[in-house]
Amino acid sequence: MRTVVMLSGIPYEYLKHRPQHFATYFARKGYEVLYICITDYNKIDPVHLGNIRDRDSFIDSFFSRNADDVFVIKSSIHSENINDSSLTLLINKINRIYNEKNLIFIAAFPQWITHLQALSKNSKLIYDCLDDWEEFTKDPDMGYSEEIINCERKIASIADLVITSAKRLYVKMSYYNNNIYYLPNGVWNVDFTQQELLPQVPIDLKSINKPIVFFMGAIAKWVDLDLIQFIAELRPEYSFVFVGNLRCDLPKRSNIYFLGSKKYEELPHYLAVSKVCIIPFKVNNLTAAVTPLKIYEYLASSTPVVTTIMPDILELPGTRAATTYNEFVEYIDEFISMNNEKYTVETKMAKKSVELYNWPDLLEPINNMIKRDSYQVENNENVIKNTIRSYKNYKQSFLIKNELLGMYNYLGLYNLSCSLYDFNDETLEIQQHLDYEKLALAHFCSGCIDMSKKLLNMYIENNDKKILQPYVNSLLKEEDFEIFLEIYLLKASGNIYEAIKLADSQIVPEKYQPKLLGLLSGLYLDIGEYDLAFQVALEILAVENELKLEDIFDAYTLKFIIKTFSEQNQYDLAEEFTLTLMQINKEWQQFFVSLLSDVYISKHLVE
């Protein structure tokens, strides 16, 4: 029996997401499945773990089997020895107990890479890229730092296989691995078959008037609350019912009902009495990388769906994708006003459309790869070309244009990238959700250097990265600025390995090139090679006494250098660097002030 170790970012008992469905599938296929969450470190006693010598004792001590036949970590313990390094010890113990054979690690959260340093050649690593973590870092409330981006690039680079849940993520990950497999979200169709439901209406729905427009899942920042307000005001005769995890407040209206979280097995009962389901997500780069689980669960229950534009779910039978608020309301009206015969046709199309998205069918190719111990998949370029063809009817959508931009760039079709946008050279204006760094690279590779520089500045402005402006300005002042510009645009666009290759090709032996080395240090940081990044930085700092640090390193690399000095107990040096950088301007002061506080706290704890 082979063992799958599912490394997740969410607890198993949380609302059912992709990692739990993966775990359930492999358990049903006869695998032993160990499910570990990144927050489970507080459940691992390192002393007890060190005394375990065999598989049975290991499982009995730390795991319990749940109703899905998945082994999950037992409840929290109380010990002063607990910290997140316990997860590294746990992974190492798993490797040794299972003799490093028959082990398949499926990581669904990038920061697991910090605990996977001891994986052997006999075990296999699959990275499941299920979200655009880079977009999450742009929202401070989400609590993710830039480090998660570096972790993702590293784990994707070393994985035997990378799975992506969306085409945007497929392109993104293709820069780091040749073995990329597109696997959208799915559904256990049998769980949502209305014919098998009990006839009772949920108690909390009995007093709510029909027709019911239904939403299930997290009500979070990616949900368009203004759209919900708009449709609820325009259609007071409809009841808009929400169930799930409330992370932000819904609009206050008499026809909007929030009924709290529901168990997975309860959801089909709510769907059974809903006339239409909705996915009112904001239209942006974050949701462009989403294939919502809920859409397949909606459709499996034979309930039609109205959604905003998301590239991966265009033209699914039983759905309508609205491009405007008014259109969203019109599509809801269309489903609600249908006669029984036409509505029945729509429900049958909805049910039919998800037959190909049944979890067992979606995951069977992965199971076959594991059984064959071979992870070679279709050429990345073919998948991307086929996706481009599928977008041909939606080229006027700003979101689809942006997706095409990334795909054309990956294929080296830079002229096509440039042709997507008709910018007037004199009147460039910020457009939301446009990857300016990729468009800047396309113009550079097409020979339009001045336009490339303007677009790069717009990337910095539009992405709240003004902290980078002094550094970029210093690169553009170099005599051979074109090579620095190309390297930096490759870096900003996510093509880190090509940027490293180009930077390496420019290094001349016996010649001191501080800015080129500074770029290289930042590039190593981008792919999570922290030792290399710091080593290169030290080579510069050992001899540098003329140029300003902010001209050699970008702000993120400088932050990394200071943190590393602090971790090495070189607190005075870390403090000196930080205080110097904080004097540049107010933005730099704000950027580094929390770091200075961390240095002082660490220094005080040691003293």
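Hydrogens, waters and symmetry mates play no part in the numbers below; they use all other heavy atoms, side chains included. For clarity, every value in this text was computed on a predicted model and none was experimentally measured.
In this structure, CD1 on Ile10 lies 8.0 Å from CG on Leu130, to the nearest 0.5 angstrom. A distance of 12.5 Å separates CE in Met216 from CD1 in Ile278, rounded to the nearest 0.5 Å. With rounding to the nearest 0.5 angstrom, the CZ atom of Phe215 is 12.5 Å from the CD1 atom of Ile256. From Leu271, atom CG reaches atom OG1 of Thr303 across 5.0 Å, with rounding to the nearest 0.5 Å. Atom OG1 of Thr307 is separated from atom CZ of Arg320 by 12.5 Å, given to the nearest 0.5 angstrom.
The shortest heavy-atom contact between Leu161 and Tyr181 is CD1-CB, 4.1 Å. Counting all heavy atoms, side chain and backbone alike, Ile163 lies closest to Arg18 at CG2-NH2, 3.4 Å. Of all the heavy atoms in Val377 and Asn178, the pair that sits closest is CG2-O, 4.4 Å. Nearest heavy-atom pair, Asp69 versus Arg65, reported as atom, atom and distance to 0.1 Å: OD1-CD, 3.4 Å.
Taking 4.5 Å as the limit, some side-chain heavy atom of Asp226 sits within range of a side-chain heavy atom of Tyr325. By the 4.5 Å heavy-atom criterion applied to side chains, Ile313 and Tyr296 are counted as neighbours. Side chains of Arg168 and Pro311 form no contact here, defined as non-hydrogen atoms less than 4.5 Å apart.
Remark: Lys275 qualifies as a cation-pi partner of Tyr343 under the 6.0 Å distance and 45° angle criteria applied to the six-membered ring.
The aromatic rings of Phe136 and Trp222 sit tilted, their planes meeting at an angle between 30° and 60°. Between His21 and Trp188, the ring planes lie tilted relative to each other; the angle falls in the 30° to 60° range.
A side-chain donor-acceptor contact under 3.5 Å links Arg2 to the backbone of Ile370. A side-chain donor-acceptor contact under 3.5 Å links Ser301 to the backbone of Tyr298. Without hydrogens or angle criteria, Ser302 side chain to Lys351 main chain gives no donor-acceptor distance under 3.5 Å.
Annotation: Phe335, atom CZ; neighbour count of heavy atoms from other residues, nucleotides and ligands within 6.0 Å is above 12. More than 12 heavy atoms of other residues, nucleotides or ligands lie within 6.0 Å of CD in Glu265, so this atom counts as buried by the packing criterion.
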Assess the residue pair Tyr127 and Asn177 against the criterion (side-chain hydrogen bond (donor to acceptor under 3.5 Å, both in side chains)); give the C-alpha distance rounded to whole Å, side-chain angles, the decisive distance to 0.1 Å, and a yes or no. CA-CA 11 Å; Tyr127 172 53; Asn177 201 307; over 6 Å; no
Report the C-alpha distance between Glu381 and Tyr410 in whole Å, list the side-chain angles of each, state the deciding distance to 0.1 Å, and finish with yes or no for side-chain hydrogen bond (donor to acceptor under 3.5 Å, both in side chains). CA-CA 8 Å; Glu381 291 190 5; Tyr410 180 80; 5.6 Å; no
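Each of Asn380, Thr387, Asp312 was compared with Tyr182 under the side-chain hydrogen bond (donor to acceptor under 3.5 Å, both in side chains) criterion, and only Asp312 meets it.
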